[in-house]
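Have a look at the structure below, then the notes.
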Number of protein chains: 2
Amino acid sequence: MPVAPPPPRSLPLTALRAFEAAARLGGFAAAAAELGVTPGAVTAQVKALEETLGAALFERQSKGVRLTALGAAAAGGMTEAFDALARAEAVLRGRAAPQVVHVATLPAVAQLWLSPRLPALRAAAPEISVSITALEAPPNLKRAPYDLSLFPAETGGQLVAADAILPVCAPALAARLKRPQDLADLPCLSDASWAEDWPRWLAAAGVAMQARGPVFSLYALAVEEAVNGAGVLMGHAPLVAGHLADGRLVAPFALALPLAAGLRLWSARPLAKGSAAARVAAFLAARPGAAV
Amino acid sequence: MPVAPPPPRSLPLTALRAFEAAARLGGFAAAAAELGVTPGAVTAQVKALEETLGAALFERQSKGVRLTALGAAAAGGMTEAFDALARAEAVLRGRAAPQVVHVATLPAVAQLWLSPRLPALRAAAPEISVSITALEAPPNLKRAPYDLSLFPAETGGQLVAADAILPVCAPALAARLKRPQDLADLPCLSDASWAEDWPRWLAAAGVAMQARGPVFSLYALAVEEAVNGAGVLMGHAPLVAGHLADGRLVAPFALALPLAAGLRLWSARPLAKGSAAARVAAFLAARPGAAV
DNA sequence: ATCCTGGTTTAGATTTTCTGACCCTAGTTT
DNA sequence: AAACTAGGGTCAGAAAATCTAAACCAGGAT
């Protein structure tokens, strides 16, 4: 019955946020990734929270963690609360800078698809300032401060560009490629995050071979190398359209394998008619099939 | 159109909380008090937030601040979000320590009314641990982590003890007090936060005089001094009932002036039937009129 | 005139929070 | 069985955030 000397402070917001993310994503590592900190930081936050509560929120298991009954009871409300906070934050951001549109997309899309379209967008709506963030994976739009998100997916959002894969190379190299089998003689460039492209296409082409060649972690770099004649790249139609159009790259084979996952555009919230984000979205979605 | 190097981080939670409190309470000083920090800290938080947003949230005026259109647009959502967060936090706290009940009350009530009742409560429910925090003003129950709040008020909550004021003093002094007019000859003890008590009672008693005497900032101290014979204290019936019952203090005059504001009990949320908080509330409310 | 209220500013201290490098465990792979 | 991998935990130190104290300012009230 102590007349508690330190008036009970409210729990630290950072720790609550870490707990919420870990609960929602099912692990500290995933939470750390979402919050943009190291896993150790999340561990520490959750541990501190558990200590001030005097009760465990997660059961530690050999592989990952699992919510305790207490954690599970609290998680839902926390998620709701932080969702509400993110919404309020979006209102704040949107009203404070109504002419700024934040777009999240893959690095490859940013450089090879979005970037070439920006001059036209700037010309069409000079008062809008588009800020692009390259991410390896789609952000959680309920939380991350982006207005638009542009990622490959099979469903959801709005289709902005269909995708198909086809081998492309510098014109000088094309002469040596009569049949798909000839690929065995040349380096096959590929991107680390699209490792499945070559096997897929080769299977569709009916060729029993393994593609060998340098692997890049940045697709735009692979494209550059292909232009330089370093080998044959498995091209994604929307991303190499410009290079094909101006002849820096050519497609030695007719087969373009359509992919189920096209480039799709999501908006964080329903777009207010006439808002800058709505106009950018409309601009990007204008010509779903077209090359630039 | 920069490929923004630092992925836009979400706004700092602390700053948002400071903004929300300032918006809701209408000033930085009030916000600082609620958050338990200095006004300078709130100024800094809000300023930092305004800088990262690139827009003002408050108009600074000679006397206080006023929300800008932007601030007003964001305030509602922020308040909702932090309310939701506080609710989630309460769930967490409640489930983590279901047998702990946090009570907020005036220092005087804590020492003179609540404290004497605790032994009986402990006897009746030994498994419940009551933690008492003394506050000068009622907390915002939607936010502060208290289960119960016990403060004088005219309406609201549940009446737990009616209040009335009456002069009290040590028995030795009472002999010198035949009529209210005799008060002029003795020091009139009073509490800083109840400065109106003496004038009110004297007016009701029909005496035209000003009470003179030492002023205390802690009512319990004034009571102690009265017991020691230092003068006549304007007693609050529920708070001096124990001393009157055991004779350490006596009431030299018959007039006890009833006050509209009685001691009232609020709960932060509807009390779950059978919960520790509900049981404590029931115990405290058991005998609204009775002395201890 | 002087006080009072409410906000602002600054330097410096304190506390929080994060990283980086390492350890640990239990599955999985080789 | 040995090596890997995935996911956490720990620790010291560093970095960043946050806070306080104390002094300052402006305008209205006494």
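Lettering of chains follows the sequences in order, A, B, ..., and the numbering in each one begins at 1.
- Taking atom CG on B:Leu57 and atom C1' on C:dG7, their separation rounds to 16 Å, with Å as the unit.
- Atom CZ of A:Arg60 sits in a crowded spot, with more than 12 heavy atoms from other residues, nucleotides or ligands closer than 6.0 Å.
- Remark: C1' of C:dG7 and CZ of B:Phe28 are 8 Å apart, rounded to the nearest angstrom.
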Can you name the atoms? Protein N/O to nucleotides 9-16 of chain C N/O, anything below 3.5 Å, with the distance.
none

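- Nucleic acid contact for B:Val42: none, since no nucleic acid atom lies under 4.0 Å from a heavy atom of the residue.
- For CZ of A:Arg95, the number of neighbouring non-hydrogen atoms (other residues, nucleotides, ligands) closer than 6.0 Å is 12 at most.
- Computed from coordinates, the A:Arg9 CZ to D:dT18 P distance equals 13 Å when rounded to whole Å.
- One can place NZ of B:Lys63 at 11 Å from C1' of C:dC3, the figure rounded to the nearest angstrom.
- Spacing between atom CG of B:Leu13 and atom C1' of D:dA16 amounts to 15 Å, rounded to whole angstrom units.
- In this structure, A:Glu51 places its CD atom 9 Å from P of D:dT10, rounding to the nearest Å.
- Side-chain atoms of A:Thr68 come within 3.5 Å of backbone N or O of A:Ala56 as a donor-acceptor pair.
- At most 12 non-hydrogen atoms from other residues, nucleotides or ligands lie less than 6.0 angstrom from CD of B:Glu80.
- The closest donor-acceptor contact from the side chain of B:Arg264 to the backbone of B:Glu154 lies under 3.5 Å.
- Taking only side-chain atoms of A:Val37, from C-beta outward, the nucleotide of C:dG7, C:dT5, C:dC18 with the closest atom is C:dC18.
- The side-chain heavy atoms of B:His236 and B:Asp197, taken from C-beta on, include a pair separated by under 4.5 Å.
- We find that CG of A:Leu11 is positioned 17 Å from C1' of C:dT17, with the value rounded to whole Å.
- Put simply, B:Thr38 has a side-chain N or O that comes within less than 4.0 Å of OP1 or OP2 on D:dT20.
- Other residues, nucleotides and ligands place more than 12 heavy atoms under 6.0 Å from the CZ atom of B:Arg269.
- Regarding contacts with the backbone of D:dG7, every side-chain N or O of A:Arg60 stays at 4.0 angstrom or more from both OP1 and OP2.
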